Amino acid sequence: MKETILIVEDNPLNLELATDLLEAAGFAVAQANTGEDGVRLAGKLKPALVLMDLSLPGMDGLSAVQWLKADPATKHLSIIALTAHAMRGDDEAAIRAGCDGYISKPIDTRSFPSQIRDFIMARSLCKPKP
Ligand code: MN
C-alpha cells in the first residue's frame, strides 16, 4: 500500500509542485490549504509524514504543529516544516515547536523525493509504531 503524505500549504503552485513530485515518487498525497484543515486531516488520515508550511493564513504552521503534538492521537506523527529561505530563525522555531525536520523553500525538485523517502525510512527504523 502506498504511504500517505499530507501536505499543508496555502500556495497553490507550491502545493501542486510538491504533490506532483511525491505522486511521481509513488506516494499517495493528501492536501490541506489551512492549518485547521491540516490538523483535522492529520487526525483522520494518520499520514506517514506531514509536510507543514509555516506561513499559513489563520492558524499558522507552528500553531498547527503544537496542536498536533499536544494531542495523544497525533503526537507520534512525523512532521517536516516547509520554511521560507528568507525567514531567518524559522528552522529553529520549527524544531522547538516539535517538528522532526525542515526543508527550506523553494524546494529542490531533484532531491525533494529522496529527502522525503530518506526521512520516512529513518523514522520507521528508529520509532516504534504506535
Ligand atoms: Mn504559505
Side-chain angles (χ1 to χ4, degrees):
M1 210 176 89
K2 288 183 179 183
E3 289 191 284
T4 299
I5 297 179
L6 171 62
I7 308 175
V8 188
E9 167 67 82
D10 62 315
N11 180 300
L13 292 177
N14 290 345
L15 181 58
E16 190 183 342
L17 176 61
T19 299
D20 288 351
L21 290 169
L22 293 175
E23 285 182 347
F27 293 104
V29 174
Q31 301 178 329
N33 304 109
T34 66
E36 288 84 349
D37 267 2
V39 167
R40 192 177 50 76
L41 271 180
K44 189 173 144 195
L45 301 175
K46 306 282 165 51
L49 186 68
V50 180
L51 285 175
M52 180 71 73
D53 178 27
L54 292 189
S55 173
L56 296 165
M59 178 193 273
D60 66 38
L62 288 179
S63 302
V65 170
Q66 286 163 343
W67 195 266
L68 290 171
K69 291 295 174 181
D71 184 340
T74 52
K75 68 176 188 187
H76 64 281
L77 294 176
S78 296
I79 306 174
I80 292 184
L82 296 173
T83 65
H85 213 48
M87 297 295 286
R88 300 184 72 137
D90 262 11
D91 308 349
E92 292 83 356
I95 301 300
R96 269 201 307 275
C99 289
D100 304 280
Y102 57 84
I103 292 175
S104 49
K105 294 192 289 189
I107 58 173
D108 178 341
T109 53
R110 281 208 218 167
S111 62
F112 183 66
S114 58
Q115 281 178 289
I116 298 302
R117 214 180 282 117
D118 290 350
F119 192 86
I120 290 177
M121 198 169 302
R123 297 304 289 181
S124 63
L125 288 176
C126 67
K127 209 155 102 171
K129 292 267 182 239

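When a residue number appears, it is its place in the shown sequence, counting from 1. All of these numbers come straight from a predicted model, not from anything done at the bench.
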- Sequence neighbours excluded, the answer for side chain to side chain contact (heavy atoms under 4.5 Å, CB included) partners of Thr74 is Lys46, Leu68, Asp71, Leu77
- Message: For residues Ile120 and Val50: do they belong to one hydrophobic cluster (side chain heavy atoms under 4.5 Å, members Ile, Leu, Val, Met, Phe, Trp, Tyr)?
- Response: no
- Task: Report yes or no: do Met52 and Val39 belong to one cluster of Ile/Leu/Val/Met/Phe/Trp/Tyr joined by side chain heavy-atom distances under 4.5 Å?
- Result: yes
- Message: Rounded to the nearest 0.5 Å, what separates atom CG in Leu41 from atom CD in Gln31?
- Response: 10.0 Å
- Got a sec, which residues hit side chain to side chain contact (heavy atoms under 4.5 Å, CB included) with Glu16, two or more places apart in sequence or on another chain? Asp20
- Message: Do Ile107 and Ile80 sit in one hydrophobic cluster, given that two such residues count as connected whenever their side-chain heavy atoms are within less than 4.5 Å of each other, even indirectly?
- Response: yes
- Query: In chain order, what residues pass the side chain to side chain contact (heavy atoms under 4.5 Å, CB included) check against Gln115, with sequence neighbours excluded?
  - Reply: Ile103, Ser111, Phe112
- Task: Grab the two heavy atoms, one from Ala48 and one from Ser78, that are nearest each other, plus how far apart they are.
- Result: O-CB, 4.0 Å
- Message: Whether Lys69 and Asp100 form a salt bridge (side-chain N of Lys/Arg under 4.0 Å from carboxylate O of Asp/Glu) is what I want to check.
- Response: yes
- Message: Would you compute the distance between atom OG1 of Thr19 and atom CD1 of Ile7 and round it to the nearest 0.5 angstrom?
- Response: 3.5 Å
- Query: Is it true that Met59 and Leu54 fall in one hydrophobic cluster, defined by side-chain heavy atoms closer than 4.5 Å?
  - Reply: no
- Nearest 0.5 Å, what's the CD1-CG distance between Ile116 and Leu21? 10.0 Å
- Derivation of the side chain to side chain contact (heavy atoms under 4.5 Å, CB included) call for Phe27 and Leu49: CA-CA 11 Å; Phe27 293 104; Leu49 186 68; over 6 Å; no
- Query: Distance-only, no hydrogens or angles: does the Gln66 side chain make a donor-acceptor pair with backbone N or O of Gly98 under 3.5 Å?
  - Reply: no
- Message: Quick check: closest heavy atoms across Ala30 and Leu45, and the distance to 0.1 Å?
- Response: CB-CD1, 3.4 Å
- From the list Asp90, Asp53, Asp91, salt bridge (charged side-chain N to carboxylate O under 4.0 Å, His left out) partner of Lys105 resolves to Asp53
- After noting the C-alpha distance and the side-chain angles of Leu82 and Asn14, does the key distance pass the side chain to side chain contact (heavy atoms under 4.5 Å, CB included) rule? CA-CA 10 Å; Leu82 296 173; Asn14 290 345; over 6 Å; no
- Query: Quick one: side chain to side chain contact (heavy atoms under 4.5 Å, CB included) partners of Asn33, sequence neighbours excluded?
  - Reply: Leu15
- Message: Is the shortest side-chain heavy-atom distance between Pro47 and Ile5 below 4.5 Å?
- Response: no
- Task: Could you work out the complete set of other residues in the hydrophobic cluster of Ile95, with links drawn between I, L, V, M, F, W and Y side chains under 4.5 Å apart?
- Result: Tyr102
- What distance separates Leu6 CG from Ile79 CD1, expressed to the nearest 0.5 Å? 9.5 Å
- Query: What's the shortest heavy-atom distance between Cys99 and Val65, and which atoms?
  - Reply: SG-CG2, 3.7 Å
- Query: Could you state the interatomic distance from CD (Glu3) to CZ (Arg117), rounded to the nearest 0.5 Å?
  - Reply: 10.5 Å
- Query: If you link I, L, V, M, F, W and Y whenever their side-chain heavy atoms are under 4.5 Å apart, who else ends up in the same group as Leu13?
  - Reply: none
- Identify the heavy atoms of Leu56 and Thr34 that sit nearest to each other, and give their distance. CD1-C, 4.4 Å
